[in-house]
Number of protein chains: 2
Amino acid sequence: MKRSSQPTINDVARIAGVSKKTVSRVINQSPLLNGDTRKRVEEVIADLGYVPNPQARALALRRNFLIGLIHDNPNAQMVLNVQQGMLEVLRDTEFELIVHPVNRGSPTMLADIGQFLERQRPFGVMILPPISENDQLAALCAEIGVRYVRMGSAPLDDAPHMVASNDREAVHGAIAHLIESGHRRIGLVLGPHGFRSAHERQKGYEEAIERAGLPLQRTLIVQGDYKFESGMRAAEQLLDLAPRPTAVFASNDEMAAGVLHVARQRGLNVPQDLSIIGFDDTPIASHLWPPLTTVRWPIATMARAAALKLLSGEGGAHSEDGEASLFVSTLIRRASVAPAAG
Amino acid sequence: MKRSSQPTINDVARIAGVSKKTVSRVINQSPLLNGDTRKRVEEVIADLGYVPNPQARALALRRNFLIGLIHDNPNAQMVLNVQQGMLEVLRDTEFELIVHPVNRGSPTMLADIGQFLERQRPFGVMILPPISENDQLAALCAEIGVRYVRMGSAPLDDAPHMVASNDREAVHGAIAHLIESGHRRIGLVLGPHGFRSAHERQKGYEEAIERAGLPLQRTLIVQGDYKFESGMRAAEQLLDLAPRPTAVFASNDEMAAGVLHVARQRGLNVPQDLSIIGFDDTPIASHLWPPLTTVRWPIATMARAAALKLLSGEGGAHSEDGEASLFVSTLIRRASVAPAAG
DNA sequence: CGACCGTTTGATACCGGTATCATAAGCATA
DNA sequence: TATGCTTATGATACCGGTATCAAACGGTCG
């Protein structure tokens, strides 16, 4: 049975014998309404199965109820966790989430996003790393007048709009854990150049090494790009060194999986011959053999916080005040770390 | 510099010295327009940076330009691939994608979705497995009058609205591959009860076994639920059998990873002692050691097809005609299969 | 020259809500 | 009874687009 067309506020008004405005008052829970009238209108609404038209509402109110999610993120799990976290917050509101992935590296990327923002004029947008590090994008949001929140690995220079984790400290802790276990030659697989998260993780490594009084050896630090294959290439380079590192920290789980992969190929036992730590705590980390010690950052929690920040009006397009929300990542100890041999 | 408010069609009309309707004609590329007028209006539009308000448009046209994506899917990679595929199609249109994950098992799930559909009245929705198998949901879409497309493992009984893969044949092929490699005792880890995909994959297994003239042994078939841990439990059961199966087909990669995990724990070599095949070709499949032989189904392609089907008006809410779009899954041979020993 | 025709444009109503402001009703007070 | 105040409701305009239909215009033809 198809209802040929939805009832409108006019139908409700006519049937209930009141004006549109009164119905509007009922919908919006205006306090200055006679109880009887309200009840009568509510009955008619329930009767007809009336649902207000969000487009009309948006037009009249000169604002809409869309929250955008902009990302160029290759990590599916992370994107989905973010969506989940945001939707938990949006669920009981009238807001809807509209996703807008973009092509990293496309020369028209900013223009594309600009078009999206101009067209939809979303109430606010959430921007995921790595594109959240792009200051031009933030400027664009401000210019167009769309409130925004950036998720990242550090507060950048835009604290009012940041929801950030403390990658640096977390990595510091992870490396310290390796050092406590007796490791002295610890390889580092970097994230891609130009990524703040990669930078933060590197700093965490360097701080931990220095604080322990160990030498910072360039040969132990290898470039990667957050992808599995780059983890493999990095591992080949690291495991060719003599003496070999006894542990490797990879800047994300995927690369850590690549390192593990190569270690396997070479007949090394993990963790006896080589300890490995990753970052992100994606599902792959717990599914690998051995299960991967890694750093978990509270993505869903951060996403919820970001959504709340957007809705609460903090992080308005131009606000200069407000603090970054900071979240703590924690080391998840599994079976890929053992005391250093010898 | 924030533009305090966006120019409207009235501003354009006033400045260009024409009526609203003429501007509207320019926007909608109406053919019956004088070239000069068009040019003049276009200049003003460019000048002001005018962008039509989608809400007002939606209201006037009594339709909107939203495509919903409904899913209760735990597989992040798959959801993201679908989003990507759909957005490729939507990119050059005026449609926007709005995602609506739901909680599988929540008793209010259908009501939630109904509310979503009533409120937003999206132009169309795409429904992912496993919830795409829910006929009540399809009926709900039809009742509300929202066109829909269901993605699934078989055409179900709703061909006009289906975009389906051929899981049964694909699994048949995978098992045949094992049999050709000399395997005779092949374990099967089922997907969760009540899932069409699980059913189809089981049928594919059974057909292949029977066609090869092998006996169908109940003990070789173990229940799973598509999660890693259930793969582990299933593997424990299977590897306790005497004689042990020499190969296992798991109904998805995650469970295959669980099987591999347990095989490792027991000191079995994969693939020498045990061959394993998964299903889905998620990234984990290629990252495991050894890389997993698995079945790849063309998710992004299917998603594109589904989006086109929605936009093209096929699969209207009540259409009885139209064919299911069928897509071929293929076996990706990696290193987790070896000839049966002995 | 006037009737007729096709092309181009505009006046106005309308989509389904909300905001403004006026008005009606109820009641206390003078 | 008249006055003023509060509370409940409605008439109307408006948000920014599109649709309908009429009108203006220029040219052709009898």
Choose from [options] the nucleotide whose nearest atom is closest to any side-chain atom of [X].
| X | options | value |
| --- | --- | --- |
| A/K20 | D/dT9, D/dG10, C/dG17 | C/dG17 |
| A/L61 | D/dG17, C/dC15, C/dA19 | C/dA19 |
| A/N53 | C/dG17, C/dG10, D/dG16 | C/dG17 |
| B/R62 | C/dC15, D/dA11, D/dG17 | C/dC15 |
| B/Y50 | D/dG17, D/dG10, D/dT18 | D/dG17 |
| B/R25 | D/dT20, C/dG16, D/dG16 | D/dT20 |

Whole angstrom is fine here: how far is it from [atom1] in [X] over to [atom2] in [N]?
| X | N | atom1 | atom2 | result |
| --- | --- | --- | --- | --- |
| A/I27 | C/dA19 | CD1 | C1' | 14 Å |
| A/Q6 | C/dG17 | CD | C1' | 13 Å |
| A/R14 | D/dT9 | CZ | P | 20 Å |
| B/R63 | C/dG16 | CZ | C1' | 18 Å |
| A/N28 | C/dG17 | CG | C1' | 9 Å |
| A/R38 | D/dT9 | CZ | P | 10 Å |

Q. Is there a donor and acceptor pair closer than 3.5 Å between the side chain of B/K21 and the base of D/dA19?
A. yes
With a 4.0 Å cutoff (strictly under), does any side-chain N or O of [X] reach OP1 or OP2 of [N]?
| X | N | answer |
| --- | --- | --- |
| A/T22 | D/dT9 | no |
| B/S24 | D/dT18 | yes |
| B/N10 | D/dG17 | no |
| A/T37 | D/dA8 | no |

Under the 3.5 angstrom rule, does the side chain of [X] hit a backbone N or O of [Y] as a donor-acceptor pair?
| X | Y | value |
| --- | --- | --- |
| A/N64 | A/F123 | yes |
| A/Q83 | A/L69 | no |
| B/S132 | B/M151 | yes |

Would you indicate what [X] reaches in the nucleic acid, counting non-hydrogen atoms under 4.0 angstrom: base, sugar-phosphate, or nothing?
| X | value |
| --- | --- |
| B/V51 | sugar-phosphate |
| B/V23 | nothing |
| A/V12 | nothing |

Q: For B/I131 and B/H71, work out which heavy atoms get closest and say how close.
A: CG2-CA, 4.4 Å
Q | A/N53 and B/R62: side chain donor to acceptor below 3.5 Å | A | no
Q | Heavy-atom side-chain contact between B/V44 and B/V18 under 4.5 Å | A | no
Q.
Here's a test of your reading of the structure: between B/L59 and B/R40, which maps to the more 5' nucleotide of DNA chain C?
A. B/R40
